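Given the structure is predicted, the values throughout are model-derived calculations rather than measurements. Positions are given from 1, in the same order as the sequence printed here. Any value given below was found using the heavy atoms of this structure, including those in side chains, with hydrogens, waters and symmetry copies removed.
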Amino acid sequence: MIDNSELKIGAMLLAAGGSSRLGQPKQLLRFHGTTLLRHTAEMLTKTSCWSIVVVLGADFEAANAELAGLEIHTAINENWQTGMSSSIKCGLTSLINTEPELDGVVIALCDQPFVTAEHIDRLVRGFTLHRSPITAAKYDQTAGVPALFARELFGELRQLSGDKGARLLIRNHPDQVHSVTIEEAAFDIDTPGDVLRLTSP
């Protein structure tokens with residue numbers, strides 16, 4: 001944990017998609033004795049973030065059951081099939097309703113299982129020190145999510161459309177990005193081959 005008493009940072013876990021390329025809901029894949037969804041949500045509760053919202057959509061009932069007992073909020077994206085942008089808008093609205101004076105928001109995905117609470121807090125610490133509009137994970141010679149977006153970019157997050165996610169803002173504002181190396185974020189799950197790599201001993 002870090003001293004984040006002067007800043008209010010929220011966290012948004014995007015878990016509403018139907019995983020069409022994978023052929024099964026990645027949120028419910030097993031990892032270390034639990035599901036990816038539960039694993040990532042629990043991880044976020046161990047960070048310095050003030051408020052956490054998990055955005056659900058596809059397979060809502062099964063996904064929601066996985067979150068029982070956690071100190072988080074859930075938001076239902078009824079338009080999840082329109083793409084990731086609708087989940088970002090849904091999550092941001094929920095967070096601001098919970099904490100109107102947020103200074104920034106971390107956007108995280110449940111298919112990056114090797115991202116830890118310490119990694120998220122390194123993003124928060126980077127934002128605290130540098131106050132860049134975007135503090136993004138750096139891996140594979142690129143910058144991406146998880147990433148922290150300052151309040152001044154909330155309007156642009158709301159203007160995303162279709163399947164365009166937060167990475168678009170990172171690409172559009174290269175001079176406003178402070179990068180934090182998190183090589184573990186390079187592994188994500190999109191294909192059956194990725195699932196095999198995840199579950200292989």
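For the pair Cys49 and Val106, the tightest heavy-atom approach, listed with the atom from each and the gap, is SG-CG2, 4.3 Å. Contact record, Ala63 with Leu37: O-CD2, 3.4 Å, taken as the closest heavy-atom pair. Shown here for Leu123 and Ala137, the closest heavy-atom pair between the two residues is CD2-N, 3.9 Å. Taking both residues in full, the closest heavy atoms of Ala186 and Tyr139 are given as CA-CD1, 3.5 Å, listed atom of the first, atom of the second, then distance. The two residues Ala147 and Ile170 make their nearest non-hydrogen contact at CB-CD1, 4.1 Å. Of all the heavy atoms in Met12 and Val55, the pair that sits closest is CG-CG2, 4.2 Å.
Side-chain contact between Pro146 and Leu109: absent, with no pair of heavy atoms (C-beta onward) separated by less than 4.5 Å. A 4.5 Å side-chain heavy-atom check between Ile134 and Leu153 finds at least one atom pair inside the cut-off. Side-chain atoms of Ile72 and Val53, non-hydrogen and from C-beta on, never get closer than 4.5 Å to each other. Taking the side chain as every heavy atom from C-beta outward, Leu70 and Val54 never approach each other to under 4.5 Å. Side-chain contact between Leu95 and Val105 is present, with at least one heavy-atom pair separated by less than 4.5 Å. In this structure the side chain of Ile182 never reaches within 4.5 angstrom of the side chain of Lys138, judged on heavy atoms. Within the 4.5 Å cutoff, no side-chain heavy atoms of Lys89 are placed close to those of Leu157. Counting heavy atoms from C-beta on, the side chains of Met43 and Val115 come closer than 4.5 Å.
Atom CD of Gln159 and atom CZ of Phe154 lie 14.0 Å apart (nearest 0.5 Å). Thr135 OG1 to Arg122 CZ: the interatomic distance, rounded to the nearest 0.5 Å, is 12.5 Å. Going from atom CD of Gln112 over to atom NE2 of His119 covers 11.0 Å, rounded to the nearest 0.5 Å. Here the straight-line distance linking atom NZ of Lys8 with atom OG of Ser51 works out to 10.5 Å at 0.5 Å rounding. Atom CG of Leu36 and atom NE2 of His32 lie 10.0 Å apart (nearest 0.5 Å). Note that the CG atom of Leu7 and the CZ atom of Phe127 stand 6.0 Å from one another [nearest 0.5 Å].
Transitive grouping of hydrophobic side chains (ILVMFWY, heavy atoms separated by less than 4.5 Å) brings Val145 and Leu169 into a common cluster. Both Ile76 and Leu67 sit in one connected hydrophobic cluster of ILVMFWY residues. Membership requires side-chain heavy atoms under 4.5 Å apart, directly or through other members. The hydrophobic cluster containing Leu28 does not contain Ile189, counting ILVMFWY residues as joined when their side-chain heavy atoms lie under 4.5 angstrom apart, directly or transitively. When the side chains of ILVMFWY residues are joined at heavy-atom separations under 4.5 Å, either directly or via intervening members, Ile88 and Ile9 end up in two distinct hydrophobic clusters. No chain of hydrophobic side-chain contacts below 4.5 Å, direct or via other Ile, Leu, Val, Met, Phe, Trp or Tyr residues, connects Leu160 to Leu13.
For the 3.5 Å distance criterion, the side chains of Thr35 and Glu66 qualify, holding a donor opposite an acceptor. In this model, a donor atom of one side chain and an acceptor atom of the other lie less than 3.5 Å apart for Asn77 and Ser87.
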Does Thr47 form a side chain to side chain donor-acceptor pair (under 3.5 Å) with Asp121? I'd like the steps, not just the answer. CA-CA 6 Å; Thr47 70; Asp121 279 347; 4.5 Å; no

Determine whether Cys110 and Gln27 satisfy the following criterion, side-chain contact (heavy atoms from CB on, under 4.5 Å), listing intermediate values before the conclusion. CA-CA 6 Å; Cys110 66; Gln27 302 95 313; 3.7 Å; yes

Might you work through the salt bridge (charged side-chain N to carboxylate O under 4.0 Å, His left out) test for Asp111 and Lys26, ending with a clear yes or no? CA-CA 7 Å; Asp111 68 343; Lys26 66 178 70 175; 3.0 Å; yes

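Look at Arg38 and Glu42 and you find a salt bridge, because one of the NZ, NE, NH1 or NH2 atoms lies within 4.0 Å of a carboxylate O, short of that distance. Comment: Glu152 does not engage Arg131 in a salt bridge, judged by the lack of any side-chain N to carboxylate O separation of less than 4.0 angstrom.
Of the possible polar contacts, none joining the Ser85 side chain to the Asp163 backbone as a donor-acceptor pair under 3.5 Å is found. In this structure, Thr128 contributes its side chain and Val124 its backbone to a donor-acceptor pair below 3.5 Å. Looking only at distances, no side-chain donor or acceptor of Asn64 sits under 3.5 Å from a matching main-chain atom of Phe60.
Proximity of the aromatic rings of Phe31 and Phe114 is defined here by a centroid distance below 6.0 angstrom, and this criterion is met.
Atom CD of Glu183 has more than 12 neighbouring heavy atoms from other residues, nucleotides or ligands inside a 6.0 Å radius.
Remark: Gln81 engages no residue in a side chain to side chain contact (heavy atoms under 4.5 Å, CB included) (not counting sequence neighbours).
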